[in-house]
Structure formats: structure tokens, C-alpha cells
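Structure first, commentary second.
Values below: every heavy atom of this structure, side chains too, minus hydrogens, waters and symmetry copies. Nothing fancy with the numbering, it's 1 onward along the sequence.
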Amino acid sequence: MNSNQQPQWQKKLEEIEAEISNSSQNSINAINSEKSKSMFLQVKNWFISLPAVGKIVVGLFGFAVTISLLKAVFSLVQLAISLAFLSVIVYFVYQFFIKSKS
């Protein structure tokens, strides 16, 4: 009888642990969501309170940062394509010249 009860307790313990884990994860997600909403509202209110010239300056700065990030991403993509192309060339050179001599 003791061996039969042990799996039941083990299963019940695992269920409780899973329930605790899920509830703590949900509360962490809710806290993070509230913080991000609060931060967004603070930034939004700050932007609304700026004068027209300030809004233009912030907009131009945001546009410049966005363009810089896009340029960096496109450069990385270009680098990846170049490396892939170079790898294909090196592979074919190996296949035709070095492996054919063997």
C-alpha cells in the first residue's frame, strides 16, 4: 500500500509545483506589462508636453537613429551574402582543382 501511495503523492507534488510555477510566471508577466505600459505613457506624455520645435527635433533624431539601425542591419545582411558567395567560390575551387588531383 505504501508503494501505491507514493506515486500519488509524487504526482500531486508535481501538479502543485507546476501550478506555483505558472502563477508566478503569470504575475511576473503582468508586472512587466504594467511597467512597460507605464513607461510608454510617461514617454507619450513627455512628448505631448514638448513644444512644436521640440517635437520636430525629437522626430528628426528618431528618424536618424532608425536610418542608422537600418543601415547597420543591411550592412550585416550584405556581409552574410558576401560570405556565403565567397564560401561557394572556395568550395568549387576546392572541388575542381584540389580534389580532382587526388
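Residue pairs meeting the side chain to side chain donor-acceptor pair (under 3.5 Å) criterion with at least one partner in residues 81-96, sequence neighbours excluded, are Tyr91-Gln95.
Put simply, CD on Gln78 and CG on Leu83 are 10.5 Å apart, with the number rounded to the nearest 0.5 Å. Note: Phe40 CZ to Asn45 CG = 9.5 Å, rounded to the nearest 0.5 Å. Here the CZ atom belonging to Phe74 is positioned 9.0 Å from the CD1 atom belonging to Ile67, to the nearest 0.5 angstrom. Rounding to the nearest 0.5 Å gives a distance of 13.0 Å between NZ of Lys37 and NZ of Lys44.
Put simply, the side chain of Ile81 reaches to within 4.5 Å of the side chain of Val77, judged on heavy atoms. In this structure the side chain of Leu50 reaches within 4.5 angstrom of the side chain of Val58, judged on heavy atoms.
Under the 4.5 Å side-chain heavy-atom criterion for grouping Ile, Leu, Val, Met, Phe, Trp and Tyr, Val93 is connected to Phe85 within one hydrophobic cluster. Placement of Phe97 and Ile89 within a single hydrophobic cluster is found when ILVMFWY residues are connected by side-chain heavy-atom separations under 4.5 Å, directly or transitively. Both Phe61 and Leu69 are assigned to one and the same hydrophobic cluster, defined by single-linkage of ILVMFWY side chains at heavy-atom distances under 4.5 Å.
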